[in-house]
Amino acid sequence: MKQHQPPPLPQSQPPSLSGGGGAAAAAGVGAGAAAAAEVNAVANAISLAETAKSRPPLYPKPKTPSFDKDRDYIGFATLPEQVHRKSVKRGFEFTLMVVGESGLGKSTLINSLFLGDLYKNRTVPNVEERIEKTTRIEKKTMDIEERGVRLRLTVVDTPGFGDAINCEDSWRVCTQYIDEQFRQYFTDESGLNRRNIQDNRVHCCLYFVPPWGHSLRQMDLDLIRRLHRKVNIVLVIGKADCLNKTEVRNLKERILQDLEDNHIQLYQFPECDSDEDDDFKQQDRELKASIPFAVVGSNTILEVAGKKVRGRQYPWGVVNVEDAEHSDFIKLRTFLISTHMQDLKDTTQDVHYENFRAQCISQISQHALRERGKLKRDSISSTNGFDAAISETDRLLLQKDEEIRRMQDMLTQMQEKLKQTHLMEMKKNDSVIDV
Ligand code: GDP
């Protein structure tokens, strides 16, 4: 059975934030393989953070290989450790785009997910400003460190999305931004210095659907349809505490139906390998079954039954953000940070960026062909006779072509001769044996 390195630990050491990160960081970001156990454990993270420091490290430090001569193994089993050490040194980058109309709880959720305060200096526009408002792109970066692993998180926000009366073009800003990042990466990759390329490509787009309404709106479909082949879209129903369990279930079903009817494919979870352990398989099933994630966000820490929880206090009780009965917050966090972050990056590289790259290359070669044809036509029309129209370069190219053809003919003849000689030799030998 394949053993998983436990990716997340519920009571992980609090990540230290630099850059835009605030002091709100209190609990670990990681979520455990056993999702159910984790829900309670993460709720305790604040008080348990100190205890967590004494835990064994998530990835034990690899042993220094010895140089003993008599060993009966080659040593490549340490390859994963080498890769691990290199990756940890280099650090990780992840870019998350957050799209949805204002007031849906996007900033609150991002702060809750990454235990930071990315929106400290935010000003909320008034109604007049919003009527005319166009969608903008705002980038915020924070460096998070957890157990020696550094993550540079960039959140691409789209303030103004869907705010204007006419929001037909809201999607254009998002698609343009994603394409620009691909284009920049393509240019950098084709350049001479490819060592220090900064990867700003968008690895995941969290698209917020409002909890009100009966399903996806035209504007949601417009955007998703235009983005789903460019980026990994993950749908999130914001402010899910506005809905009861049945309403959440019905809304999820209708959203999925809408996506199917419109042939839209969101981020596809990779299939779980058959040799994975049962806990992991169960967690994977639960994650898949929860899509679209119905989330509740909060930046307030409340005390419930002696436990500190991230929640929302209402006159009738507390919504515990990290309680699986109340919201899919923990599932979203597990998926985004602990289990599928690398797959989101791989899919961006292998599928979305490859599509973009293939389009670029085919456009470039078509352009080159057109240019060549144009040059030829121009040179022909500038002279009278065809012979005179062939430029010096073309003449040289034709000569080289002719030379290559001649050499290929010679090669074929020589191969043919060799074959004949070989056959004759064989016949001779056969006849000798026969005698
Ligand atoms: P954004 O404009 O989409 O970034 O939304 P904000 O995160 O600024 O939240 C707007 C308002 O909704 C704030 O008053 C939040 O406290 C509140 N809010 C955020 N998340 C939730 C949630 O999950 N449920 C409820 N009921 N309110 C929320």
Side-chain angles (χ1 to χ4, degrees), residues 27 29 31 35-36 38-40 42-43 96-115 118-119 155 157-158 161-162 204-217 219-221 223-224 232-259 264 266-267 269 283 285-302 304 309-340:
V29 176
E38 190 211 47
V39 176
N40 290 329
V42 176
L96 179 68
M97 185 180 238
V98 189
V99 186
E101 61 194 81
S102 53
L104 276 184
K106 301 186 298 296
S107 338
T108 311
L109 188 86
I110 295 298
N111 284 341
S112 317
L113 279 173
F114 297 100
L115 307 164
L118 268 175
Y119 299 87
V155 177
D157 203 350
T158 52
F161 179 87
C204 178
C205 169
L206 280 190
Y207 186 77
F208 278 68
V209 179
W212 41 86
H214 297 286
S215 186
L216 293 177
R217 301 157 302 172
M219 138 188 199
D220 301 322
L221 285 171
L223 180 114
I224 300 170
N232 299 311
I233 303 182
V234 175
L235 282 197
V236 164
I237 301 170
K239 294 191 169 179
D241 51 335
C242 300
L243 304 170
N244 65 28
K245 273 194 162 183
T246 320
E247 287 165 343
V248 167
R249 200 179 49 239
N250 290 344
L251 183 56
K252 283 186 178 187
E253 274 171 14
R254 283 194 300 264
I255 289 175
L256 292 177
Q257 190 59 50
D258 269 357
L259 293 171
I264 290 172
L266 303 181
Y267 167 71
F269 279 67
Q283 186 191 37
R285 267 195 299 273
E286 281 176 18
L287 283 181
K288 284 177 184 158
S290 306
I291 290 169
F293 299 107
V295 293
V296 180
S298 166
N299 295 323
T300 316
I301 305 291
L302 304 168
V304 179
V309 298
R310 192 172 274 271
R312 306 187 68 82
Q313 175 82 62
Y314 291 108
W316 51 88
V318 170
V319 176
N320 180 355
V321 164
E322 295 168 1
D323 185 339
E325 286 294 312
H326 295 185
S327 101
D328 295 331
F329 174 82
I330 286 290
K331 291 199 186 99
L332 172 67
R333 193 173 73 179
T334 307
F335 153 75
L336 195 61
I337 303 170
S338 304
T339 53
H340 288 76

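This is a predicted model, so every value here is computed, not measured. Only heavy atoms go into these numbers, but all of them, side chains included; no hydrogens, no water, no symmetry mates.
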Closest heavy-atom pair and its distance - Glu286, Lys331: O-CD, 4.1 Å

Leu206 side, atom CG; Leu113 side, atom CG - distance, nearest 0.5 Å: 7.5 Å

Heavy-atom check, side chain of Gln283 versus side chain of Thr334, under 4.5 Å: yes

Any residue meeting salt bridge (charged side-chain N to carboxylate O under 4.0 Å, His left out) with Asp241, in chain and number order, not counting sequence neighbours: Arg312

Reported CG-to-OG distance for the pair Asp157 and Ser107, which is rounded to 0.5 angstrom: 6.0 Å

N/O donor-acceptor pair under 3.5 Å between Ser215 side chain and Leu251 backbone: no

Under the salt bridge (charged side-chain N to carboxylate O under 4.0 Å, His left out) test, residues paired with Arg254 that sit two or more places apart: none

Student check: side-chain heavy atoms of Asp328 and Ile237 closer than 4.5 Å: no

4.5 Å side-chain heavy-atom contact, Val99 and Cys205: yes

For the student: nearest non-hydrogen atoms of Thr108 and Asn299, plus distance: O-OD1, 3.5 Å

Expected output: side-chain Lys106 to main-chain Gly100 donor-acceptor under 3.5 Å: yes

Side chain to side chain contact (heavy atoms under 4.5 Å, CB included) between Val236 and Leu104, worked out: CA-CA 10 Å; Val236 164; Leu104 276 184; over 6 Å; no

Geometric class of the His340/Tyr267 ring pair [parallel <30°, tilted 30-60°, perpendicular >60°]: perpendicular

Gap separating the CG atom of Leu266 from the CG atom of Leu256, nearest 0.5 angstrom: 8.0 Å

ring-ring contact (aromatic ring centres under 6.0 Å, His included) against Trp316, all qualifying residues, sequence neighbours excluded: Tyr314

Listed partners of Phe329 passing ring-ring contact (aromatic ring centres under 6.0 Å, His included), at least two apart: none

Side chain to side chain, Phe114 and Leu96, heavy atoms closer than 4.5 Å: yes

Pro211 versus Leu243, closest heavy-atom pair with distance: O-CD2, 3.5 Å

Spacing of CD belonging to Gln257 relative to CG belonging to Leu216, to within rounding of 0.5 Å: 11.0 Å

Pairwise side-chain contact, Val209 with Pro292, heavy-atom cut-off 4.5 Å (strictly under): no

Leu235 side, atom CG; Lys252 side, atom NZ - distance, nearest 0.5 Å: 11.0 Å

Separation between CD1 of Ile255 and CG of Leu221, rounded to the nearest 0.5 Å: 10.0 Å

Which atom of Gly311 lies closest to which atom of Ser298, heavy atoms considered: O-OG, 2.6 Å

Exercise: identify the closest heavy-atom pair between Val234 and Cys204: CG2-SG, 3.8 Å

Closest heavy-atom pair and its distance - Leu109, Val296: CD1-O, 4.2 Å

Non-neighbouring partners of His326 that pass ring-ring contact (aromatic ring centres under 6.0 Å, His included), sequence neighbours left out: none

For Arg217, side-chain contact (heavy atoms from CB on, under 4.5 Å) partners two or more places apart: Glu101, Tyr207, Pro210, Met219, Asp220

